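Proteins come first, then strands; the chains are lettered A, B, ... in the order of their sequence lines, and each starts at number 1. We use all heavy atoms of the structure for the numbers below, so side chains are in, but hydrogens, waters and symmetry mates are not. None of the values given here were measured: they were computed from a predicted structure.
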Amino acid sequence: MTRVAKHRDATSRGGLNRARARWRRAAWTVLAAAVLWWILAGLDSLLEPLALLAVVLAGAASLVLPTGRPLAIRPRAIPGLTAYFVRASFLGGIDIARRALDPRLPIAPDFIEYRADLPHGPPLTLFMAVLSLLPGTLSVRLEGRLLTVHVLDRHSDPESALRDLEKRIHAAFEDPRQESGGDQ
Amino acid sequence: MIANTLTVILILAGLVFFAAGTAGLLRFPDVYSRLHALTKADNVGLGLVILGLMLQAAGPADILKLLLIWVLVLAAGTTAAHMVAQRTWTHGEFESDR
């Protein structure tokens, strides 16, 4: 009896949490849609009825549509990851420009295999996308967790760069495999 | 005046990267290496051009619009590079130079 009551209590609390998460998501959607409209068309245009209708409908749509799995990125990790990415991709550009313009064409292309330990979904996708912008690596193929990576210079140490990137992405996401299911 | 000078410098630097990327496209021996040149060099080139243009922007909305363009091109570029590389891996090179 008490167990049933407790169970019911827990589910209703879970439902409340889910409803709150849904409304929060709708609020973020409205904000994002409004900002996007402002960026693309200006503030005057955002205040027109049609624009406001579109923004509100975007929020309503996110209330009606089924919620996907939440994106488990830690907001605090975003600035650090962005700074790392901008720096690394800038170095990647300088590296490739130097090689392309050097008369001796100093490249030694090769393929390496790399086993990523990141969970499938956004973390692994982000890993593959960013690694193509790092100096000298290009993601070619993914089989399970085994990545085929093309490296431009096999004498550089691409694996340690990949491991570093993987560690950073791993730290930026909450791993669903380790979560105890506290707030879901 | 300073903003204009910086804009010119940044855009010229960006064009150097575009030129380097194109040089890589022409000089590198295979599809994969050429993809390296295109994605990475163009990403930095576009970043510098956009940074230069941001100094000429009329307001925050314009600056964010330029930033949005860079992010979208970046996402499209890296995805396209991966898809071309994967297709080349499974189907071989599109055309042989040799």
Less than 3.5 Å apart, any donor N or O on the side chain of A/S132 or B/H82 sitting next to an acceptor on the other? no
Pair B/L67, A/I39 - check side-chain contact (heavy atoms from CB on, under 4.5 Å), show working. CA-CA 10 Å; B/L67 187 68; A/I39 288 174; over 6 Å; no
Heavy-atom contact with chain B under 4.5 Å, split by part of A/L134: backbone
Under a 4.5 Å cutoff for heavy-atom pairs, which residue among B/G77, B/P60, B/A81, B/G59 has the most contacts with chain A? B/P60
What part of A/D102 is in contact with chain B, defined as an atom under 4.5 angstrom from a non-hydrogen atom: side chain, backbone, both or neither? backbone
For B/Y32, is it the side chain, the backbone, both, or neither that has a heavy atom closer than 4.5 Å to a heavy atom of chain A? both
Mind checking the CG-CZ spacing from A/L105 to B/F28? Nearest 0.5 Å is all I need. 5.5 Å
Given 3.5 Å as the limit, does a donor-acceptor pair link the side chain of B/K40 with the main chain of A/T137, or not? yes
Given the rule in the side-chain contact (heavy atoms from CB on, under 4.5 Å) test, do B/N43 and A/S89 qualify, once you have shown the distances and angles that lead to the verdict? CA-CA 8 Å; B/N43 155 33; A/S89 66; 3.5 Å; yes
Can you tell me which portion of B/S33 sits under 4.5 Å from chain A's heavy atoms? Options are side chain, backbone, both or neither. both
Need one label for A/I107: side chain, backbone, both or neither, based on atoms under 4.5 Å from any heavy atom in chain B. side chain
A/A129 backbone acceptor or donor facing B/T78 side chain under 3.5 Å: yes
To the nearest 0.5 Å, what is the distance between CZ on B/R27 and CG on A/L101? 7.5 Å
Answer with side chain, backbone, both or neither: which region of B/T22 has an atom nearer than 4.5 Å to a non-hydrogen atom of chain A? neither
Spatial distance of atom CZ (A/F111) from atom CH2 (B/W89) [nearest 0.5 Å]: 5.0 Å
